[in-house]
Number of protein chains: 2
Amino acid sequence: MCQIRSNSRMGDMADSTGRGGPPAEFTPYFALLEASALVQHGVEAQLRESGDLSFVQFQILAMLSEDAGGTQTMTAIADRLVHSRSGLTYQVQQLEKRGLLTRGPSAEDERSTVVALTGSGTALIQRVLPGHMAVVREILLDALDAGDGAELTRLLEKVRQHMRARPPRSATRARPRG
Amino acid sequence: MCQIRSNSRMGDMADSTGRGGPPAEFTPYFALLEASALVQHGVEAQLRESGDLSFVQFQILAMLSEDAGGTQTMTAIADRLVHSRSGLTYQVQQLEKRGLLTRGPSAEDERSTVVALTGSGTALIQRVLPGHMAVVREILLDALDAGDGAELTRLLEKVRQHMRARPPRSATRARPRG
DNA sequence: TCAGCGTGTTTCGAATTCGAAGAGTAGGCC
DNA sequence: GGCCTACTCTTCGAATTCGAAACACGCTGA
């Protein structure tokens, strides 16, 4: 399991072009990517061991388990995860093979596929969840006191809203008019 | 390009097991992963358009261009990126095919492979870099004022050091005896 | 010198990912 | 009704990723 070691020298990137640029400005960029990668790796190991789930699979099951009904359309799931539609189709198929969820037609919109958690799926996610949360605490939250956690959330929320506001660059490109 | 939509309800995960757990505690976790994914997607699109590079490939070239000599061993690169050794071998091969870098034996340690940037590689990274930094500013840094950026860096640095301090969970497993 | 272990890298097979293309439904407009 | 655009999902092929195993070198100790 390899990981980003340090980002201090990455800040010198600006030197390559302008020689003496403001590298400090980009430190949050590298820090963000590195921290995220480290967290995700740590979490993946635990999920694999405890429930033979990839992080993506866990996210799908966890998202379904949030709602009482435990049903979502493919699009609703894809919009919240970082995977392509085709990639989601693949993973949902895998989970369906294992009997953790089912797929069926939607009553409201016949184009849609409704994904629903099964009893096995519910049981698995509930079995995995405590350990998952423990690992998240261990590798991430323990590094922060309450104030830091709130501050980090506030900053990342700003970032999220900023990025959500701009077009995804490759989805639903600017309509010809209006 | 699909992305995580919201994380507010993911916080209810705790309800699935304990019913009424402290979901707010885990908000930084989801916010971190989501923000990172959004940033990375935005950056990838630009790199693909401007230099036909994946994010990983860009990272490799950028890391090499940091040092004046422009040489690194495979392990040194892998330790700083989030890819397996085998994955790094693959990507370095791709870049070598394009003439952006070369591989050769190390004088100091004959087990090592030394990766060096070529003139083409240097030219490419310097051509791509300004646009890359512009996109990073646009999608990430513009969301933060100077103080926020510094604060975010401080928090992520805490997280990084915390995570770097613990064993990677699957590398160099606990030795049989001290 | 030889065995044995740790380290550095690549090869190999399998799993996962994406984008583009295809099939089908929804809704607006004539 | 018929057409056209938008939306939903899946299939397909290609690229990328990983872990385990293989391979090679370096060091230590007998």
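Residue numbers start from 1 in every chain, and the chains themselves are labelled A, B, ... in the order their sequence lines are given, proteins ahead of strands.
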Asks: Looking at side-chain heavy atoms only, is the closest gap between B/Arg98 and B/Gln57 below 4.5 Å?
Replies: yes
Asks: Which whole-number value in Å describes the distance from A/Met74 CE to C/dT25 P?
Replies: 18 Å
Asks: Measure the distance from CZ on B/Arg85 to C1' on D/dA22 and round it to the nearest whole Å.
Replies: 16 Å
Asks: For A/Glu110, check side chain to side chain contact (heavy atoms under 4.5 Å, CB included) against everything at least two apart and list the hits.
Replies: none
Asks: From A/Arg160 CZ over to B/Ser36 OG, what is the distance, rounded to the nearest 0.5 angstrom?
Replies: 14.5 Å
Asks: Within this structure, what is the CZ-to-P distance between A/Arg48 and D/dT17, rounded to whole angstrom?
Replies: 17 Å
Asks: Is there a donor N/O on one and an acceptor N/O on the other, under 3.5 Å, for the side chain of B/Thr75 and the base of C/dG8?
Replies: no
Asks: Check the distance between C/dA15's P and A/His83's NE2 and give it to me in whole angstrom.
Replies: 17 Å
Asks: Report for the helix from C/dT1-D/dA30 to C/dC30-D/dG1: angle between first-end and last-end helix axes, five pairs each, rounded to 10 degrees.
Replies: 10°
Asks: Which atom pair, heavy atoms only, marks the closest approach of B/Leu156 to A/Ala35?
Replies: CD2-CB, 3.9 Å
Asks: Over how many whole Å does the gap from B/Gln40 atom CD to D/dT17 atom C1' extend?
Replies: 14 Å
Asks: Tell me, which of residues 88-102 of chain A have any heavy atom that sits under 4.0 Å from an atom in DNA chain D?
Replies: A/Thr89, A/Gln93
Asks: Quick one: which of A/Thr122, A/Ile125, A/Val115 gives a side-chain contact (heavy atoms from CB on, under 4.5 Å) with A/Leu64?
Replies: A/Val115
Asks: Indicate if B/Leu100 and B/Val114 have the same hydrophobic cluster label, given that clusters are the connected sets of ILVMFWY residues with side-chain heavy-atom separations under 4.5 angstrom.
Replies: no
Asks: Under 3.5 Å, side chain of A/Arg127 to main-chain N/O of A/Ser50, donor-acceptor pair present?
Replies: yes
Asks: According to side chain to side chain contact (heavy atoms under 4.5 Å, CB included), who are the partners of B/Arg48, at least two apart in sequence or on a separate chain?
Replies: B/Asp52, B/Ser54
Asks: Base of D/dG19, side chain of B/Ser84 - is there a donor-acceptor contact under 3.5 Å?
Replies: no
Asks: Does B/Thr102 have any side chain to side chain contact (heavy atoms under 4.5 Å, CB included) partners at least two apart in sequence or in another chain, and if so, which?
Replies: B/Ala116, B/Thr118
Asks: Please list, by residue number, the residues of residues 103-114 of chain B whose heavy atoms come closer than 4.0 Å to an atom of DNA chain D; answer none if no residue qualifies.
Replies: B/Asp109, B/Glu110, B/Arg111
Asks: Could you tell me how far apart A/Ile77 (CD1) and D/dC7 (P) are, to the nearest whole angstrom?
Replies: 20 Å
Asks: May I ask you to decide if the ring planes of A/Phe58 and A/His132 are parallel, tilted or perpendicular, using 30° and 60° as cut-offs?
Replies: tilted
Asks: Have a look at B/Thr73 and say if it touches a base, only the backbone sugar-phosphate, or nothing, with a 4.0 Å heavy-atom cut-off.
Replies: sugar-phosphate
Asks: Once you round it to whole Å, what is the distance between P of C/dA15 and CG of A/Leu53?
Replies: 16 Å
Asks: Quick one: pull up CG in A/Leu38 and CG in A/Leu140 and give me the separation to the nearest 0.5 Å.
Replies: 10.5 Å
Asks: To the nearest angstrom, how far is A/Phe55 atom CZ from D/dC18 atom P?
Replies: 15 Å
